[in-house]
Amino acid sequence: MDLRGCRIAGVGSYVPEEVLTNADLEKIVDTSDEWIVSHTGIRERRVIPDDQNTSDLAAEASRRALDDAGVQADQVQLIIAATVTSDTVFPGTSAILEHKLGAKRAATFDLVTGCTGFVDGIVTGAQFIQTGAYDRVLVVAAEALTRITNWTDRSTCVLFGDGAGAAVLEPTDPGAGLLGYAMDTQGFAGEHLCIPSSGSAWPPDEKAIAEHATKLYMNGHEIFKMAVRGVPYIARKAMKNAGITEEDVDWVVMHQANQRILDAAADRLHIAPEKVISNLERYGNTSAASMGIALDELYRDGRLQNGQHVLMVGFGAGFCLAGAVIRWDK
């Protein structure tokens, strides 16, 4: 069977209006603006209001992507939602989103792969497009990380923000759109980034709440080391599968976790730093949403042009890695 190509036909993103600055954090935890900026590159992040949930962020980003693609919600055949902060354990965010958008023809499922979620969603959705199973897929990554942040842990509470990014996938000619990808998981390191009490292994109880075990835990030192090693590995594998080299890359859209990781990856991949998109100064780490937000901004401000190659690279909970190369065709 001949496979079709799969392109991104529309993109959109959304972040809440409330801004939490480093100066604000200085008032609630033992930290400083200088320390946060020097160690992470983050100056501020967005916080979801009490009257919104993750699905609301996802819905707004999705509407913007659908509008950009010129597609009505009832034309979408599949919705893939990537999030670790679903409104409820079940039903999934994708099902809630189907209702909020009025996407009455759509099948739905969620991906719970953390910070690789957006690129995982693109790769997964492309399989349905390329085989001809569906002609229109909506991928949305949304997170309300401030809802699971341990505000007493100064090493992690400075990192996270809320937001959503979305993309509409459609068929295109072979050789355009998604050119290749690579995915990998190193499950032995899963304990370094998790919510210890969040499922059947340790159902939330009074002990878990008292110990902040129902909130996000991260061993930042280990995650940093694995990311610095893992990003070049998965990026090169994705480029090889796409049939391109570092010289062919026009833009790198990486998970926005830490500026030092972005800089180290650019150095190890021998890609000019100015090609590596960074917006974490304004949004912090938005997990699965970060690459979707960054891609949307790259497109909206006119830097991303047809025919250019975008290397997308994600890393996070699991420990998961994912890379994809897209020849922009919009």
Side-chain angles (χ1 to χ4, degrees), residues 8 10-25 33 36-48 57-58 60-61 64-65 68 82-83 85 114-119 121-122 139-146 149 158-167 224 227 231 235 249-267 269 271-305 308 310-316 322-324 326 328:
I8 295 178
V11 287
S13 63
Y14 175 73
V15 294
E17 293 183 3
E18 182 180 347
V19 176
L20 181 68
T21 67
N22 291 347
D24 295 326
L25 285 170
D33 174 69
I36 298 170
V37 173
S38 64
H39 284 74
T40 71
I42 301 168
R43 295 184 183 275
E44 60 186 41
R45 65 289 293 149
R46 301 300 180 94
V47 178
I48 190 171
L57 305 182
E60 185 57 37
R64 296 179 183 186
D68 184 49
T83 183
T85 56
C115 305
T116 62
F118 186 73
V119 67
I122 296 294
V139 175
V140 58
E143 301 288 12
L145 292 176
T146 60
T149 295
V158 302
L159 302 176
F160 301 110
D162 306 326
F224 182 89
V231 166
V249 174
D250 295 290
W251 301 106
V252 179
V253 176
M254 197 185 308
H255 168 48
Q256 305 288 299
N258 186 301
Q259 188 61 47
R260 292 188 297 169
I261 295 176
L262 298 180
D263 294 340
D267 181 63
L269 288 169
I271 292 176
E274 57 268 23
K275 293 183 177 182
V276 181
I277 303 304
S278 175
N279 64 10
L280 60 83
E281 180 181 48
R282 291 174 287 125
Y283 303 128
N285 181 344
T286 56
S287 187
S290 72
M291 284 186 284
I293 295 171
L295 180 66
D296 184 43
E297 291 190 338
L298 178 66
Y299 161 71
R300 300 276 176 178
D301 67 18
R303 286 177 290 171
L304 182 54
Q305 301 295 314
Q308 291 186 329
V310 181
L311 170 63
M312 302 184 68
V313 189
F315 56 91
I326 296 170
W328 196 249

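Computed from a prediction, not measured in an experiment: that's the story for all the values here.
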Please confirm whether the backbone N or O of Ala65 pairs with a side-chain atom of Asp68, one donor and one acceptor, at under 3.5 Å?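 No, Asp68 side chain to Ala65 backbone: no donor-acceptor pair under 3.5 Å.
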
Quick one: which of Ile293, Val276, Leu298 gives a side chain to side chain contact (heavy atoms under 4.5 Å, CB included) with Val253?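 That would be Leu298; it is the only one of Ile293, Val276, Leu298 passing the side chain to side chain contact (heavy atoms under 4.5 Å, CB included) with Val253.
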
Below 4.5 Å, heavy atoms only, C-beta onward: do [X] and [Y] meet side chain to side chain?
X      : Y      : answer
Thr286 : Gln256 : no
His255 : Phe118 : no
Ile8   : Tyr299 : no
Val119 : Val313 : no
Thr40  : Leu159 : yes
Asp250 : Gln305 : no
Asp162 : Leu145 : yes

Atom pair CD/CZ of Glu297 and Arg282 - distance to nearest 0.5 Å: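 Spacing of CD (Glu297) from CZ (Arg282) equals 4.5 Å.
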
Let me confirm one number: the CG-CZ distance from Asp24 to Arg45, rounded to the nearest 0.5 Å.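 Nearest 0.5 Å value for the CG-CZ distance: 8.5 Å.
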
Taking every non-hydrogen atom, the tightest pair across Ala235 and Leu311: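 Smallest interatomic distance, heavy atoms only, reads CB-CD2, 4.0 Å.
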
Which donor-acceptor pairs under 3.5 Å do the side chains of residues 10-20 make with protein atoms, sequence neighbours left out?
| unit_1 | atom_1 | unit_2 | atom_2 | d |
| --- | --- | --- | --- | --- |
| Ser13 | OG | Asp296 | OD2 | 2.6 |

Please list, chain by chain and in numerical order, all residues satisfying salt bridge (charged side-chain N to carboxylate O under 4.0 Å, His left out) with Asp33, sequence neighbours excluded.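 Partners of Asp33 under the salt bridge (charged side-chain N to carboxylate O under 4.0 Å, His left out) test: none.
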
Examine the side chains of Thr85 and Glu143 and answer whether a donor and an acceptor come within less than 3.5 Å of each other.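 Yes, because at least one side-chain N or O of Thr85 sits under 3.5 Å from a partner of the opposite role on Glu143.
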
